[in-house]
Engineer: 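Take a look at this one; I'll ask things after.
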Amino acid sequence: MRPRYDVLSIFPEYLQPLELSLIGKARKSGLLSLTVTDLRDFTTDRHRTVDDTPYGGGAGMVMKPEPWAQALESVLEARGDADVVDEPPAEGEERHDSRPLLVVPSPAGNVFTQRTAEAFAQERHIVFACGRYEGIDERVLDWAGERFRVMPVSLGDYVLNGGEVAVMAMVEATARLLPGVIGNPESLVEESHSDGLLEYPVYTKPAVWRDRAVPDVLLSGNHAVIARARRDWQIERTARRRPDLIEALDESDLNARDRSV
Ligand SMILES: N#Cc1c(-c2ccc3cc[nH]c3c2)n[nH]c1N
């Protein structure tokens, strides 16, 4: 599967860093397709207007619905199935929903986690709608629901000025999980959050640096003992920095991890 990611934004240049490093290499080698489109290309006035004053008053401006609808229709047409209707499911089978996923970054969205990234990495086509100002006219999300699976997503409990930073983070967190993007897939296994715990501390040469020595256990060459120490460090670090993650793990899960080292 060669996943396709479309990003719609009034600041397409904001997404240029996705042309760099591993994600850039993955795009060049055809592991994924990433297209960034300027929402202003779907305006019709000479000022390429994308915003207007909010009904009901209030500060700031709201993104107009029509440019978004035209941009989203254009993405569907480019995909070649603007009018595709899913076949009815066979007897007893789940209805297959071939609609692309429309991710709408928003502080009011469900929080993006590693589990979200893992789910996104299974998707064939994701469209990311980067809002600005006070947000996108809500009717766009309702209208889009006929053609997309619409998912408002938040990067975290703080406020940004728009969706672009969130999309950069989501695309990176997702694309790095795709086969072939990260050179050594082993490195995905022991990362923070990959198994519900924070990652263990890491060290490299020299063995003593500014009077600070690497923990002896790491120099022992005993891989079972090293694995045990690393698991202990993960649990200790998680309990200290993110007790919420420890509570999310049930006892059997933690014990199973302990037995696995
Ligand atoms: N995701 C996310 C966000 C945002 C966000 C997203 C889109 C817009 C459009 C205007 N302002 C925005 C803020 N703020 N904080 C987050 N975690």
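Both ligands and their constituent atoms are indexed starting at 1 by order of listing.
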Engineer: Consider every N or O of Tyr158 and every N or O of ligand 1, then say whether any pair is closer than 3.5 Å.
Structural biologist: yes

Engineer: Using a 4.0 Å cutoff against the non-hydrogen atoms of Arg132, which atoms of ligand 1 qualify?
Structural biologist: 9 (C), 10 (C)

Engineer: Do any N/O atoms on Ser106 end up under 3.5 angstrom from N/O atoms on ligand 1?
Structural biologist: yes

Engineer: Could you tell me whether some N/O pair between Ala166 and ligand 1 is separated by less than 3.5 angstrom?
Structural biologist: no

Engineer: So is Leu155 polar-close to ligand 1, meaning N/O to N/O under 3.5 Å?
Structural biologist: yes

Engineer: Counting both backbone and side chain atoms, is some N or O of Leu160 under 3.5 Å from an N or O of ligand 1?
Structural biologist: yes

Engineer: Show your reasoning for whether side-chain contact (heavy atoms from CB on, under 4.5 Å) applies to Leu15 and Met168.
Structural biologist: CA-CA 7 Å; Leu15 285 299; Met168 297 253 286; 3.7 Å; yes

Engineer: Do Cys130 and Phe11 have side chains that approach each other closer than 4.5 Å (heavy atoms only, starting at C-beta)?
Structural biologist: no

Engineer: May I have the step-by-step check of salt bridge (charged side-chain N to carboxylate O under 4.0 Å, His left out) for Arg176 and Glu172, ending in yes or no?
Structural biologist: CA-CA 6 Å; Arg176 65 194 299 277; Glu172 176 161 317; 5.5 Å; no

Engineer: Relative to the heavy atoms of Val159, which atoms of ligand 1 are at a distance of less than 4.0 Å?
Structural biologist: 14 (N), 15 (N)

Engineer: Considering non-hydrogen atoms of the protein only, which is the closest contact for atom 7 (C) of ligand 1, and what is the distance?
Structural biologist: Pro105 O, 3.3 Å

Engineer: So which protein heavy atom does atom 5 (C) of ligand 1 come closest to, and at what separation?
Structural biologist: Pro107 CD, 3.4 Å

Engineer: N/O of Gly135 under 3.5 Å from N/O of ligand 1, yes or no?
Structural biologist: no

Engineer: Is the closest heavy-atom distance from Tyr133 to ligand 1 below 4.0 Å?
Structural biologist: yes

Engineer: Report yes or no: does a heavy atom of Ile136 sit under 4.0 Å from some atom of ligand 1?
Structural biologist: no

Engineer: Does ligand 1 have any atom that is closer than 4.0 Å to a heavy atom of Gly162?
Structural biologist: yes

